[in-house]
Amino acid sequence: MGKGRFILPAEAGMEKELLYLAEKWRADAIRDCDGIKLSDDILNMSFDVYSTLCIIREDNEWAKKNQDKLQMIYLITEPVTAIDEIISIEIMKGYFKEQFKPNTKDNPKEWWEVIDRTTGEIIDSSHWDYNECTEVVTIKNIKKWHSYTVTFIAWQIWEPVSMYNHIINSWTLEHKMPLDPRYPEVRQHLLSVLDKWLAEHPVTKVVGFRTFFYNFDLIYNENGKEKQIDWFGYASCVSTFAIRIFEEEYGYRPRPEDFIDNGYFNTPFKNPSKFHLDWIEFNERFVASFAKECVKLVHNRNKKAIMFLGDHFAGTEPYGKYFTQIGLDAVVGSGGDGVTTRMIADIPVEATEIRFYPYLSSDVFHEREDLAAEVTKVWIKSRRAILRKPIDRMGYGGSLSLALKSPEFINCIQSIANEFRSIHENTKGTKADSASFKVAILNTWGRLRRWQTHQIAHSLWNQRCYSYLGILEALTGLEFDIEFISFDDIKNLGISQDIKVIINAGDAYTSWSGGDYWKDERVVTTIREWVYNGGGFIGVGDPTACEHYGAFFQLYDVLGVQKEIGFGLSRNKLKYNIIKNHFIIEDADKEIDFGEGMNCIYVASKDVHVLYENNMSASLAVNDYGNGRAVYIAGMPFNYNNVRLLKRAIYWAAHKEEEIQYNFSSNINVECASFSNIGKIVVINNSGENEKARIYMNREIYFDVELKPYEMAWKSIT
């Protein structure tokens with residue numbers, strides 16, 4: 001197999017090992033990473049050199065002398081219940097003092113808030129005082145048995161990503177401080193730092209920005225453990241300076257509570273407030289503008305500029321309306337499955353690259369028997385997505401020395417890299433054939449959070465999103481072109497003619513289901529009319545859910561089912577029979593896994609057909625609505641039985657059942673993708689067993705295949 005499309009992490013002192021792995025994996029480029037440097041011998045090898053740069057913490061000496069220009073953040077104390085008319089609240093209790101320091105340079109009476117969390121009342125600043133020595137707020141003249149919080153602004157005295165790496169790797173290096181480029185003098189200094197850095201790295205061909213300026217929300221507790229994490233958070237963009245500029249531009253001044261949001265920190269799982277949408281746009285415009293200046297300096301040195309999507313992410317959302325103005329040559333991102341792979345692949349940029357998991361760092365990578373199985377699992381999911389939307393380059397990040405501890409890992413990556421290159425060599429830049437219609441994912445965020453729904457970081461509650469994330473994972477490898485649309489799109493633009501199926505999935509009141517948007521008559525009536533005239537609607541979990549005028553599922557008539565939330569328990573429900581034969585479940589060769597699913601789902605129409613039930617609750621139901629069709633699914637964790645179920649549900653909802661056999665495998669563990677432009681079809685085995693399948697390219701033409709575990713095979717077609 002050919003060479004290239006592979007970047008290898010390198011480190012000084014491992015020159016021979018680097019050459020060995022570069023030969024095994026056929027790498028054409030090398031890179032450094034946080035805390036690891038490259039030797040002159042490595043830099044002079046015949047590889048393209050990628051060098052990593054986090055510009056906001058590059059000059060720590062300047063930062064220490066200008067600590068009033070550090071990045072800030074709003075924090076909130078845990079609620080304290082008053083058992084007397086005076087209470088004292090330690091504001092740093094529960095926070096990592098090596099990460100944050102309360103900002104008293106800007107008057108706390110102006111920039112902080114004390115709130116009665118029982119009534120929502122803001123406590124007048126004359127009723128509280130702050131002791132800077134003890135870091136305690138004392139509140140007087142309050143109501144007993146009410147709970148109170150303090151929202152305060154703090155300096156970030158340890159850059160979060162550097163801090164994370166120090167903690168997990170037990171580093172003893174100097175703590176790096178994050179500068180805030182909102183200040184003109186900081187921007188000027190950072191540009192001079194970048195220019196100097198570029199001059200000192202003449203061999204570097206590609207400059208890899210660790211995203212750019214503001215980290216995603218990464219807040220640690222008093223024990224140095226993760227307390228609050230949000231990949232899409234904008235908490236680090238806050239400063240008193242930025243707030244004043246925002247007020248001038250938008251005509252209103254946000255409160256501290258607008259940033260804290262009752263302690264939710266404006267999580268993307270909530271419908272955003274008007275302020276939060278304004279704040280996102282405000283920061284996107286600024287970050288894109290300054291990032292463009294940085295990229296221009298790189299280009300002036302005849303180097304390429306790429307961005308690692310993940311760390312200092314706020315303001316660089318790749319599907320935002322200002323992102324393309326930055327002028328990047330490529331975007332790199334971490335890939336752990338098909339969803340994260342498609343998230344990177346669809347970014348509107350010249351080239352894309354995936355750093356596959358597991359990351360080569362001591363907290364996640366260590367010798368174990370199932371290491372190759374884990375690597376293969378990630379690749380098999382990502383491969384499905386890559387066949388639908390190619391990634392240009394691949395690699396693994398972290399420490400090279402860790403990889404050398406596992407020969408099994410090395411051999412596994414060799415196989416994956418060869419398979420990755422073979423996809424490019426066979427497809428020659430062409431796109432796999434798609435279905436004749438589009439499928440839309442409807443949620444609050446729409447295109448801005450394309451493929452990014454239900455992403456949660458390092459949380460025990462990740463399983464709660466699993467059922468909905470499974471839908472996106474399934475779609476990454478299916479033949480449908482996917483659009484992400486918002487409720488505002490529905491209201492302002494209607495529904496595009498090439499969309500035949502809309503999917504709405506998520507827990508009630510989250511931004512993924514929609515919450516209060518379902519109270520808008522324009523949203524409800526537009527979709528009802530569209531389905532009635534022939535459209536298809538698929539709801540998963542709590543679709544269209546929002547208690548309003550006696551209904552919880554607002555499109556109960558379309559879906560044919562409703563959810564009992566306790567208000568209608570005295571009302572008898574319609575009886576139904578279970579339908580065992582239906583197009584959607586023809587391939588269900590075992591019990592369907594609905595994950596956590598939903599309970600208390602009852603039929604709302606005598607015409608609805610229930611295909612599966614659990615504890616007297618409809619788990620899978622289909623309904624005709626005028627000329628259109630709807631499907632309700634209680635939950636959908638990712639597995640290949642559910643991939644086939646979703647595929648069939650989409651074709652059925654679109655009235656396109658006959659088209660399913662244009663690219664169809666008789667075996668749910670085997671999938672195929674045809675490339676008519678080059679006369680080829682690829683067949684992939686997603687299981688660890690030998691599999692046989694009959695592959696249909698239409699209803700008449702087919703062939704039989706037998707594949708080894710995880711095998712990918714290319715065949716010519718005419």
Side-chain angles (χ1 to χ4, degrees), residues 7 9 29-38 48-60 63 71 159-162 164-165 176-182 186-201 203-216 218 231 236-237 283-318 320 322-334 343-344 347-355 392-393 395 397-398:
I7 187 166
I30 57 172
R31 62 180 287 266
D32 59 12
C33 67
D34 201 9
I36 293 177
K37 302 299 181 183
L38 305 184
D48 289 343
V49 176
Y50 288 53
S51 297
T52 301
L53 173 65
C54 182
I55 190 172
I56 59 163
R57 55 177 161 89
E58 184 65 23
D59 188 350
N60 210 42
Q71 294 183 16
E159 193 276 319
V161 177
S162 177
Y164 171 84
N165 285 326
K176 296 294 186 69
M177 296 179 169
L179 288 165
D180 188 346
R182 272 285 176 188
V186 173
R187 288 199 299 277
Q188 193 63 39
H189 177 70
L190 293 182
L191 288 174
S192 66
V193 167
L194 174 59
D195 196 50
K196 180 175 180 290
W197 184 93
L198 291 170
E200 293 173 347
H201 290 74
V203 180
T204 296
K205 186 174 182 178
V206 180
V207 178
F209 288 100
R210 296 294 293 184
T211 318
F212 278 98
F213 314 123
Y214 299 107
N215 198 65
F216 63 86
L218 183 58
W231 292 121
S236 288
C237 299
N283 285 287
E284 280 187 322
R285 280 191 287 111
F286 167 71
V287 170
S289 174
F290 185 44
K292 181 179 180 179
E293 291 187 61
C294 295
V295 169
K296 185 178 179 180
L297 275 181
V298 174
H299 287 165
N300 287 344
R301 296 275 186 170
N302 295 317
K303 304 178 189 293
K304 290 187 176 182
I306 67 172
M307 180 187 85
F308 179 81
L309 182 67
D311 290 344
H312 303 85
F313 180 42
T316 59
E317 297 205 50
Y322 302 102
F323 176 77
T324 56
Q325 297 177 10
I326 298 174
L328 289 162
D329 298 292
V331 171
V332 183
S334 297
M343 178 181 74
I344 300 299
I347 294 174
V349 70
E350 183 179 339
T352 54
E353 182 180 320
I354 287 287
R355 304 277 163 78
D392 295 288
R393 298 182 59 83

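Counting from 1, the numbers follow the sequence of the chain as shown.
Taking the side chain as every heavy atom from C-beta outward, H312 and E159 approach each other to under 4.5 Å. Within the 4.5 Å cutoff, the side chain of F213 has no heavy atoms near those of the C237 side chain. Counting heavy atoms from C-beta outward, I56 and Y214 have side chains that stay 4.5 Å or more apart. The shortest side-chain heavy-atom distance between D195 and N300 does not fall under the 4.5 Å cut-off. Proximity of C54 to D311: side-chain heavy atoms (C-beta onward) are nowhere separated by under 4.5 Å. A 4.5 Å side-chain heavy-atom check between L198 and V298 finds at least one atom pair inside the cut-off. Between D329 and H299, some side-chain heavy-atom pair lies under the 4.5 Å cut-off. By the 4.5 Å heavy-atom criterion applied to side chains, V331 and F323 are counted as neighbours.
Taking the salt bridge (charged side-chain N to carboxylate O under 4.0 Å, His left out) definition, one finds that D392 meets it with nothing, sequence neighbours left out. Y50 is linked by a ring-ring contact (aromatic ring centres under 6.0 Å, His included) to nothing, counting only residues two or more places apart in sequence or in another chain.
Taking CG of D48 as the start and OG1 of T204 as the end, the distance is 11.0 Å to the nearest 0.5 Å. In this structure, NZ in K176 is found 9.5 Å from CG in D59, a value given to the nearest 0.5 Å.
Under 3.5 Å, the side chains of T52 and D32 contain a donor-acceptor pair of N or O atoms.
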For this session: Begin with the C-alpha distance, continue with both residues' side-chain angles, and end with the deciding distance and a verdict on side chain to side chain contact (heavy atoms under 4.5 Å, CB included) for L309 and I347.
Result: CA-CA 11 Å; L309 182 67; I347 294 174; 4.0 Å; yes

- CA sep, side-chain torsions, deciding dist, call: I306, E350, side chain to side chain contact (heavy atoms under 4.5 Å, CB included): CA-CA 10 Å; I306 67 172; E350 183 179 339; over 6 Å; no

For side chain to side chain contact (heavy atoms under 4.5 Å, CB included), just list the numbers for E58 and K196, CA-CA rounded to whole Å, side-chain angles, deciding distance to a tenth of an Å, and then say yes or no. CA-CA 11 Å; E58 184 65 23; K196 180 175 180 290; over 6 Å; no

Going by atom type alone, with no hydrogens or angles, which donor-acceptor pairs under 3.5 Å involve a side-chain atom of residues 286-295 and a protein atom two or more places apart or on another chain?
none

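Looking at V49, L297, V207 one by one, the single match for side chain to side chain contact (heavy atoms under 4.5 Å, CB included) with K303 turns out to be V207.
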